[in-house]
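To start, the structure under review is shown below, and the notes come after it.
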2 protein chains.
Amino acid sequence: MLSAIVEDYLKAIYYLQNETDGRVRTSALAEYMDVEQSTVTSMMKKLSERNFVHYEPYQGVKLTDTGVPIALEIIRHHRLLERYLTDHLEYDWAEVHDEADRLEHHISSQFADRIAEQLEDPAVDPHGDPIPTADLDVSGAKYEDTLADHQVGDSVRIERVPDKDPALLRYLSEHGIHPGTVVDVVETTSFGMVTLDPDSGDEPVALPDEVARSVSTRSLTKGAN
Amino acid sequence: MLSAIVEDYLKAIYYLQNETDGRVRTSALAEYMDVEQSTVTSMMKKLSERNFVHYEPYQGVKLTDTGVPIALEIIRHHRLLERYLTDHLEYDWAEVHDEADRLEHHISSQFADRIAEQLEDPAVDPHGDPIPTADLDVSGAKYEDTLADHQVGDSVRIERVPDKDPALLRYLSEHGIHPGTVVDVVETTSFGMVTLDPDSGDEPVALPDEVARSVSTRSLTKGAN
DNA sequence: GACGATAATTAGGCCCGGCTAAATTTATAA
DNA sequence: TTATAAATTTAGCCGGGCCTAATTATCGTC
Ligand SMILES: [Mn+2]
Ligand SMILES: [Mn+2]
Ligand SMILES: [Mn+2]
Ligand SMILES: [Mn+2]
């Protein structure tokens with residue numbers, strides 16, 4: 001019915017419209033999908049034709065009520081697969097993304113349901129991203145702040161890390177940073193660096209601001225300054 | 001690198017050339033792949049171009065030494081997946097074929113190796129077909145005779161059943177026929193019917209000759225007539 | 001309010017994997 | 001040996017998903 005490519009476009013639009021909180025621009029999609037803008041334009045016309053998106057020339061696109069559940073279904077597949085690969089097939093969390101990104105389009109919903117059952121309906125994937133339920137509810141796990149939003153001295157719990165960069169994931173895991181890890185913010189600099197001290201006893205870790213902004217957190221205690 | 005379609009053609013050629021023991025004809029491939037003959041012709045030219053097959057116009061094709069391991073790799077994926085789906089994900093053996101036929105093209109070799117490890121390197125899939133080893137050795141499990149080759153009174157063990165027809169698989173499993181089942185041949189008719197009496201105590205089962213010819217067996221004891 | 005930079009779309013083309021209809025080759029049988 | 005039937009290939013087309021180059025729209029700035 002739907003090609004893997006079409007599904008990937010819908011998923012990309014879903015992500016981007018939740019980030020920018022509005023219409024998704026052709027340029028943003030082209031960058032995200034790693035194709036030329038003209039390719040995006042022609043694809044948007046087709047998706048619009050099929051009623052998956054609202055498309056206004058020169059103004060960007062937005063998923064329709066038909067498009068959203070398709071995107072969510074694929075995201076459910078993706079995150080369940082990541083969870084399954086790490087929990088049952090000994091994958092490292094840095095390896096799962098690519099495998100899940102292919103398989104998400106080819107497993108049946110029966111397959112998804114079976115692995116969900118074996119995993120006992122997990123709420124989040126290995127990177128802390130919420131897994132939509134079987135009826136595509138995604139209300140759980142809205143992360144508000146990030147590592148970049150805290151003050152020196154704050155104690156915070158890591159909730160979610162970006163899942164697409166294996167090098168970053170390996171770096172984080174080498175320094176004991178996972179969803180669930182509690183860290184103290186020990187330093188922030190004017191030139192864009194955040195230093196964390198994990199409660200686990202691991203050595204302090206330094207992260208550039210851009211990374212810090214992509215790591216979701218929950219505030220535990222405010223620092224005493 | 002290789003499209004799922006190309007992989008399916010190579011797999012089909014592999015099957016057909018082992019059945020007919022020679023060149024695979026355009027018509028046979030067209031039938032098997034459910035496409036027009038002209039489609040097969042143009043695909044054979046491309047596969048030949050890429051050195052996956054020897055193609056002689058009007059004479060059919062044969063896999064090259066480059067083509068064979070590609071086919072075997074996919075067959076390995078297919079059969080490992082079938083085994084995994086039945087053993088670890090509660091699939092019925094009648095359901096696994098379609099799922100495996102899609103996923104075989106999209107799992108990494110890492111994925112294949114991990115499930116092989118979990119299954120402890122199984123020799124055969126749920127239908128009794130041999131699973132090529134990681135280095136693509138397929139010397140194990142060569143089945144010589146079929147249900148149609150036996151005499152009334154013979155006791156035989158079922159070794160392998162055809163895996164593509166869910167209705168047949170359901171019928172067989174309802175009558176207690178699986179690889180490993182031992183049955184007595186109790187009747188053969190001139191109008192193409194074989195009747196079996198399972199040792200398990202299940203009721204006798206009747207099968208048309210064409211099905212009987214597709215069920216591989218091992219002879220245990222000759223009947224006393 | 002017009003101008004230039006930037007973003008987006010259009011035009012036209014390529015490769016893939018299908019199709020139908022028309023040749024052409026091979027096989028069969030008189 | 002030759003005619004006919006059957007199998008196969010060729011020719012030409014289509015949709016999907018990509019590209020480059022050319023055109024057009026939008027937006028921030030003077
Ligand atoms: Mn994907
Ligand atoms: Mn993830
Ligand atoms: Mn397949
Ligand atoms: Mn099988």
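Letters go in sequence order (proteins before strands), and every chain restarts at 1. Both backbone and side-chain heavy atoms feed into the values below; hydrogens, waters and symmetry mates do not. Remember, it's a predicted structure, so these values are computed and weren't measured experimentally.
- Partner of L10(A) under the side chain to side chain contact (heavy atoms under 4.5 Å, CB included) criterion, out of L47(A), L72(A), V68(A), I75(A): L47(A) alone.
- For the pairing with D129(B), the salt bridge (charged side-chain N to carboxylate O under 4.0 Å, His left out) check across R83(B), K164(B), R160(B), R76(B) returns one residue only, R160(B).
- In this structure, T41(B) reaches the dT9(D) phosphate: one of its side-chain N or O atoms is under 4.0 Å from OP1 or OP2.
- DNA chain D is contacted by both M43(A) and A28(B); A28(B) maps to the nucleotide lying nearer its 5′ end (nearest heavy atom per residue).
- Here the side chain of S38(A) is nearest to one of dA21(D), dG18(C), dG16(D), namely dA21(D).
- When each of dG17(D), dA8(C), dT9(D) is scored by its nearest atom to the side-chain atoms of T26(B), the top-ranked nucleotide is dT9(D).
- OP1 or OP2 of dC19(D) has at least one side-chain nitrogen or oxygen of T39(A) nearer than 4.0 Å.
- Spacing between atom CG of L2(B) and atom P of dG17(C) amounts to 10 Å, rounded to whole angstrom units.
- Side chain of I5(A), nearest nucleotide from dT24(C), dG17(D), dA8(C): dG17(D).
- If you measure from atom NZ of K46(B) to atom P of dC16(C), you get 6 Å, rounded to the nearest angstrom.
- Regarding Q37(A), its CD atom lies at a distance of 14 Å from the C1' atom of dT23(D), rounded to whole Å.
- At a threshold of 4.5 Å between non-hydrogen side-chain atoms, the residues Y14(B) and I74(B) do not count as touching.
- Rounded to an integer number of Å, the gap from M44(A) CE to dA7(C) C1' is 15 Å.
- Counting any heavy atom pair closer than 4.0 Å across all strands shown, S3(B) reaches sugar-phosphate atoms only and no base atom.
- A cation-pi contact, defined as under 6.0 Å to the ring centre and within 45° of the axis, is absent between K45(B) and Y9(B).
- When the C1' atom of dA7(D) is taken as reference, atom CD of E31(B) falls 14 Å away, rounded to whole Å.
- The CD-P distance, from E49(A) to dG17(D), rounds to 14 Å in whole Å.
- In this structure, the side chain of T217(A) does not engage the main chain of I158(A) through any donor-acceptor pair within 3.5 Å.
- At the heavy-atom level, S27(A) lies under 4.0 Å from the strands shown only through sugar-phosphate atoms.
- Residue Y9(A) places none of its side-chain N or O atoms closer than 4.0 Å to OP1 or OP2 of dG16(D).
- Between dT9(D) and Y55(B), a contact under 4.0 Å exists linking OP1 or OP2 to a side-chain N or O.
- When rounded to the nearest whole Å, the span between CZ of R23(B) and C1' of dA7(D) equals 16 Å.
- Put simply, OH on Y58(A) is 14 Å from P on dT23(D), counting in whole angstrom units.
- Nearest-nucleotide assignment on DNA chain C puts the 5′-proximal partner with K45(A), out of R25(B) and K45(A).
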